Student: 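Structure in structure tokens, see below.
What you see below is based on every heavy atom in this structure, not just the backbone, and it leaves out hydrogens, waters and symmetry mates. Worth saying up front: this structure is predicted, and the values here are computed from it rather than measured. All ligand and atom numbering here is 1-based and tracks the order in the structure.
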Amino acid sequence: MSADDQKRRSAERALDFVEEGMKLGLGTGSTAEHLVRALAEKVAKGLNVVCVPTSDRTAALATELGISLTTLSDTPHLDLTIDGADEFDAQLRLVKGGGGALLREKIVATASDRMIVITDASKQVETLGAFPLPVEVIPFGCRTTEAKIETVAAKLGCKGVIERRGDEYGEPFLTDSENFIYDCKFGKIPDADALAEALNLIPGVVDNGLFIGIATVAIVGTEDGTHLVEPK
Ligand code: 5RP
């Protein structure tokens, strides 16, 4: 079974946690896309939910499929967010932002009572950091900010290439909030809690892709079905 089939499985299982009348956060990425498609089928059969998307991409797909959308301005508190991840560990600390939506994803997840992570089995790791950590940076002064990221990370035992993300035309990738993403190839992050806090103290850093203490459960799609991982 392919990783994509495992993603679909986990997304479909997540619908067991969705109840009539819920206010939902909808994630971004290929796993979240499976979720949006499966949710749309339930909505077409009469399920009544209202959703806040975490990206323009997810908003466009949900609208096309007939899912009712709202905003955090109109609906500041959500029942549940369901989103993918690039990596997670046994404490259910996540690396997110591979799709460039980490800022809205974190705002929406933390506006929710619960966050369910949907993934294929390859995303569980012992130590975070194999997937490059995305850091969202304001364009103004970005070289200065990049140098500070390097210094702060090195003090916490994280060394490696830090690269500004490009788009398919070779231009800098811009997030939905028109910021840059720096992908930090640390390999291993020895102290993810400290790094998450330290990065966000740098002027110019908007947020980073470490989600600590936010996810409540992960639904992992496997060859045999799905299993749940709760934080240790
Ligand atoms: C987007 C994200 C995604 O959740 C993450 O990249 C996982 O993507 P996929 O479901 O395509 O594997 O954080 O910013």
Student: Using a 4.5 Å cut-off on heavy atoms from C-beta on, say whether the side chain of Cys158 contacts that of Cys184.
Tutor: no
Student: Considering Arg104, Lys106, Lys96, Glu105 one by one, which has a heavy atom nearer to atom 4 (O) of ligand 1 than any of the others?
Tutor: Lys96
Student: Got the closest protein heavy atom to atom 11 (O) of ligand 1, with its distance?
Tutor: Ser30 OG, 2.5 Å
Student: Short list, please: which atoms of ligand 1 are under 4.0 Å from a heavy atom of Gly84?
Tutor: 4 (O)
Student: If you measure from each non-hydrogen atom of Pro134 to ligand 1, which part falls under 4.0 Å: side chain, backbone, both or neither?
Tutor: neither
Student: State, yes or no, whether a side-chain contact exists between Lys7 and Thr119 at a heavy-atom distance under 4.5 Å.
Tutor: no
Student: Please determine whether a side-chain nitrogen of the Lys or Arg among Lys23 and Asp79 lies less than 4.0 Å from a carboxylate oxygen of the Asp or Glu.
Tutor: no
Student: Heavy-atom count check: over 12 atoms from other residues, nucleotides or ligands less than 6.0 Å from Glu20 CD?
Tutor: yes
Student: Could you list which atoms of ligand 1 come closer than 4.0 Å to a heavy atom of Thr28?
Tutor: 1 (C), 2 (C), 3 (C), 4 (O)
Student: Below 4.5 Å, heavy atoms only, C-beta onward: do Phe17 and Ile219 meet side chain to side chain?
Tutor: yes
Student: Are Asn179 and Ser177 close enough that a side-chain donor and a side-chain acceptor fall under 3.5 Å?
Tutor: no
Student: For atom 10 (O) of ligand 1, find the nearest protein heavy atom and state the residue, atom name and distance (0.1 Å precision).
Tutor: Thr31 OG1, 2.5 Å
Student: Would you say ligand 1 has an N or O under 3.5 Å from any N or O of Ala101?
Tutor: yes
Student: With heavy atoms only and a cut-off of under 4.0 Å, state how Asp120 meets ligand 1: side chain, backbone, both or neither.
Tutor: neither
